[in-house]
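Here is the structure we will look at, set down as structure tokens.
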Amino acid sequence: MKFAVVVFPGSNCDHDAYHAVKHVLGQDAEFVWHKDASLRGADVVLLPGGFSYGDYLRTGAIARFSPIMREVTRFAAGGGPVIGICNGFQVLLECGLLPGAMLRNRSVQFQCEFVHVRVEQVDTPFTAACVPGQVLRIPIAHGEGNYYAEPDVLTALEANRQVIFRYTTASGDVTEAANPNGSLNNIAGICNTQRNVVGLMPHPERACELAVGSRDGLVVLESVVKSVSSAGGALAGSPQ
Amino acid sequence: MRVRVYVTLKPSVFDPQGRTVTEALHSIGHDAVRDVRQGKYFELDVAAGTAAEASRIASAAADTLLANPVIESYRIDVDDPAAVGPGAAR
């Protein structure tokens, strides 16, 4: 199974993602430059964290116009699994593959710390190997992760079960204190209505080995391997 | 033609930076400042024959890139050379 790790100018978690996929998970991974026009037959697309285009204008605002995003959009439309982590999530919001937007953290500070997130739904390619309600201890590292959506959009997200990860306490309780950035409804990650595109602010790829403090994030990557394998490649989003 | 684009967060959207600036102003004695909303300001040099055309081009730029319609709104001012001096009413 092959993961395409998209590299924008300013991506800095691309190597973390590549390492987690290739060396921890033992799957094939390939870097794809943002100016490329092909995803090289990948089964999974990963938009990594970082500071694409230096976060100029707004986070992800300029990266969304990179040539590779046309292919990512086409891949997603065909049902292919796409995950955006941190800045990758911000890019997915800016390009409209996911609803909502990011505001500056409530604290107005860049926050880099371990948090707990609860897996809300397991019927996405990136949570299929999770247990419902499972709490993952994984890190965040962002200045603009304060998720916002207009009230009707937020209502629809909840009604459609599109909230996939929520900030909670270690025991899985949704509290204000467990919300690191002010996100509405403690939202840490969401999916699209087709459920094949997932974005989250925390970094599962940075928590795949005990040597770095947690391996709770590995299940996110294992999930997509399980999903794509059991679908016999039917998830792969190559256009008809 | 010079076009000024002002991008601000929608009134319904919380502005953490504006709040922080407000608190900083209060801490140095500017208590009369009740609230601050922080935004972005762009000056565009647009190749356009008329103010209306310049405005249309700047709007398209704001809609697609300069502003995020989920959280921001914008206002456009065109510095129309034709509007200065005699005949400005045209």
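In what follows, chains carry the letters A, B, and so on, assigned in the order in which the sequence lines appear, proteins first and then strands, with residues in each chain numbered from 1.
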Answer yes or no: are there more than 12 heavy-atom neighbours, outside [X] itself, under 6.0 Å from its atom [atom1]?
X: A:Arg40; atom1: CZ; result: yes
X: B:Lys10; atom1: NZ; result: yes
X: A:Arg161; atom1: CZ; result: yes
X: A:Tyr56; atom1: OH; result: no

Could you report the tightest heavy-atom contact between [X] and [Y], atom names first, then the distance?
X: B:Val70; Y: A:Tyr148; answer: O-CE2, 3.9 Å
X: A:Leu103; Y: B:Phe14; answer: CD1-O, 3.7 Å
X: A:Leu57; Y: B:Leu65; answer: CD2-O, 3.3 Å
X: B:Pro16; Y: A:Val108; answer: O-CG2, 3.6 Å

Euclidean distance, A:Leu93 CG relative to B:Asn68 CG, rounded to 0.5 Å | 8.5 Å
What's the spacing between B:Ile71 CD1 and A:Arg58 CZ if we round to 0.5 Å?
-> 7.0 Å
Examine whether an atom of A:Asn146 lies under 4.5 Å from a heavy atom of chain B, and if so say whether it belongs to the side chain, the backbone or both; otherwise answer neither.
->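 Side chain only.
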Verify, without hydrogens or angle tests, whether B:Arg19 (side chain) and A:Arg106 (backbone) share a donor-acceptor contact under 3.5 angstrom.
-> no
